[in-house]
Structures are given as structure tokens and as C-alpha cells.
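Worksheet: the structure to be examined is printed underneath.
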Amino acid sequence: RKEVEQDPGPFNVPEGATVAFNCTYSNSASQSFFWYRQDCRKEPKLLMSVYSSGNEDGRFTAQLNRASQYISLLIRDSKLSDSATYLCVVTTRGGGFQKLVFGTGTRLLVSP
Amino acid sequence: DAGVTQSPTHLIKTRGQQVTLRCSPKSGHDTVSWYQQALGQGPQFIFQYYEEEERQRGNFPDRFSGHQFPNYSSELNVNALLLGDSALYLCASSVEGNTEAFFGQGTRLTVV
């Protein structure tokens, strides 16, 4: 079983739609949680951190449920520029330091 | 302020050859992590360097080795290249104790 699991998609949505991505993680000791965005053939870039209290950044809302080991990302009013792969990321601690563990990513295609 | 820089951006090698990839971390960052991203997959952790030492290794064979220099820059070496080593190799830099990581644009390695 992968440490971080995501639906690979693709999710095809029209402009203006609301879309939600989900992610589950297996290591209950995971400490920090993030969503990264990766454009085609580019490097991942941090989109937002995820907290149990939920956090919102403009059209983007992220939520963490530690009990269910579940992370979500909601995108409202989708734009063409939102088309990308969204990577769910958790940090795990080992040997006194933390490393990032990535899901396979969920691909989003927003069409006119 | 330059971000994380990697070189070269693209590389084509023949099976059995050796390759060295380079990474300069973001200014002020002292920790460098390397990831391998195969097509359609999320980045996989290779290893991390701090204070010129390898701190932890992911599930990669000894053909993968690295080094960190006193100026915090790092190299990733891969010996006896296999076709399956073809991937995007990403370098991420961070500050010790801080989970926020910044990625370079990656080196796309093709083994033929």
C-alpha cells in the first residue's frame, strides 16, 4: 500500500465549476500536510499547507481529518489556469528529520 | 535572490554509463533532498544531505550516491544507468527543522 494515495484522474471540468480532490495517508505519525501544484514538465510548487482547522486561500480550501487520515482540496470557480497536477504531500519523521512523501498526483483539466 | 538551480536541464545517456547531476540550494538553505519522478508518478525520495552527510535514504540502490559541499550545493551520481532510471530528478532545498521545501526545475534524464 502506498503511503499517500490519490485518485490520479484526470478530472475534466468546465470553467467556473467546483472540484474536490481527496487524499489518504497511511502513516498516523505524519506531522505536516501540504498540497503542491505541478504544471506539465515543471517542478512542484507549494500551493498551501493543510491544517485540522481547515484553511482557505482565495478560491482554494484545504482540510485535514487526522482521525480518518484524510486530506482534501476544494477549488471553487475553476479557471483555465488551474489546469495542472495536484500533489498531496505529507511529512514523516525518521532519524531525527522530516522528509516529504508525495502521492501520485491528481490531474485537473479545466476547459472553456 | 536565486531560487534552487539544477544543472543540466536535460541529459541523454546510454545504458551502463554514469551521470552527475548538480543542485545549488536557495540562499540561506542548508539542507538538500533529491527526488526521482517517473512519468505519471509523484516524486520519490532518494536521500537528503545536511552538514555534508547523507541523513536518510529512500528505497534506492547503492548505484545512487550523492555529496554535499561546504557551500551547501549538492551532487547526485548514478552509476551503471538502466533504462528505468529515465525520469525527472528534482532537488529540493530547505532550512534544517523547517518542512517548507523549494524545488529546482529538475533535470530530465533519458537513458537509451
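Below, all heavy atoms of this structure are taken into account, side chains as well, without hydrogens, waters or symmetry copies. Here is how names work: the chains are called A, B, and so on, in the same order as the sequence lines, proteins then strands, and each is numbered from 1.
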| query | Does CZ belonging to B:R15 count more than 12 external heavy atoms closer than 6.0 Å? | reply | no
| Cluster check A:V110, A:V19: I/L/V/M/F/W/Y, side chain < 4.5 angstrom | yes
| message | Sub-4.5 Å heavy-atom contacts with chain A: which residues of residues 32-43 of chain B show up? | response | B:Y35, B:Q37, B:G40, B:Q41, B:G42, B:P43
| field | Side chain, backbone, both or neither of A:K2 within contact of chain B (heavy atoms, under 4.5 Å) | value | side chain
| When only pairs under 4.5 Å are counted, which of A:F34, A:F102, A:Y36 shares the most heavy-atom pairs with chain B? | A:F102
| Contact class of A:Q38 relative to chain B, heavy atoms under 4.5 angstrom | side chain
| message | Can you tell me which portion of A:R41 sits under 4.5 Å from chain B's heavy atoms? Options are side chain, backbone, both or neither. | response | both
| request: Any chance you could measure B:T31, atom OG1, to A:K99, atom NZ, to the nearest 0.5 Å? | output: 15.5 Å
| A:F33 with A:L73, same ILVMFWY side-chain cluster at under 4.5 Å | yes
| Is the number of heavy atoms from other residues, nucleotides or ligands under 6.0 Å of B:N71 CG greater than 12? | yes
| task | To the nearest 0.5 angstrom, please state how far the CD atom of B:Q48 sits from the CG atom of A:L100. | result | 8.5 Å
| field | Verify same cluster id: A:W35, A:V4 (apolar side-chain graph, 4.5 Å) | value | yes
| message | Hydrophobic cluster membership, with links at side-chain heavy-atom distances under 4.5 Å among I/L/V/M/F/W/Y: are B:V4 and B:Y72 in one? | response | no
| Which residues from residues 102-112 of chain B are near chain A, with near meaning under 4.5 Å between non-hydrogen atoms? | B:F103, B:G104, B:Q105, B:R108
| said: According to a hydrophobic-cluster definition based on side-chain heavy atoms being under 4.5 Å apart (Ile, Leu, Val, Met, Phe, Trp, Tyr only), do A:L64 and A:I75 belong together? | reply: yes
| task | Assess whether atom CZ of A:R107 is packed by more than 12 heavy atoms of other residues, nucleotides or ligands within 6.0 Å. | result | no
| task | Assess whether atom CD1 of B:I12 is packed by more than 12 heavy atoms of other residues, nucleotides or ligands within 6.0 Å. | result | no
| task | Compare every heavy atom of A:K42 with every heavy atom of B:L88, then report the nearest pair and how far apart it is. | result | CD2-O, 4.2 Å
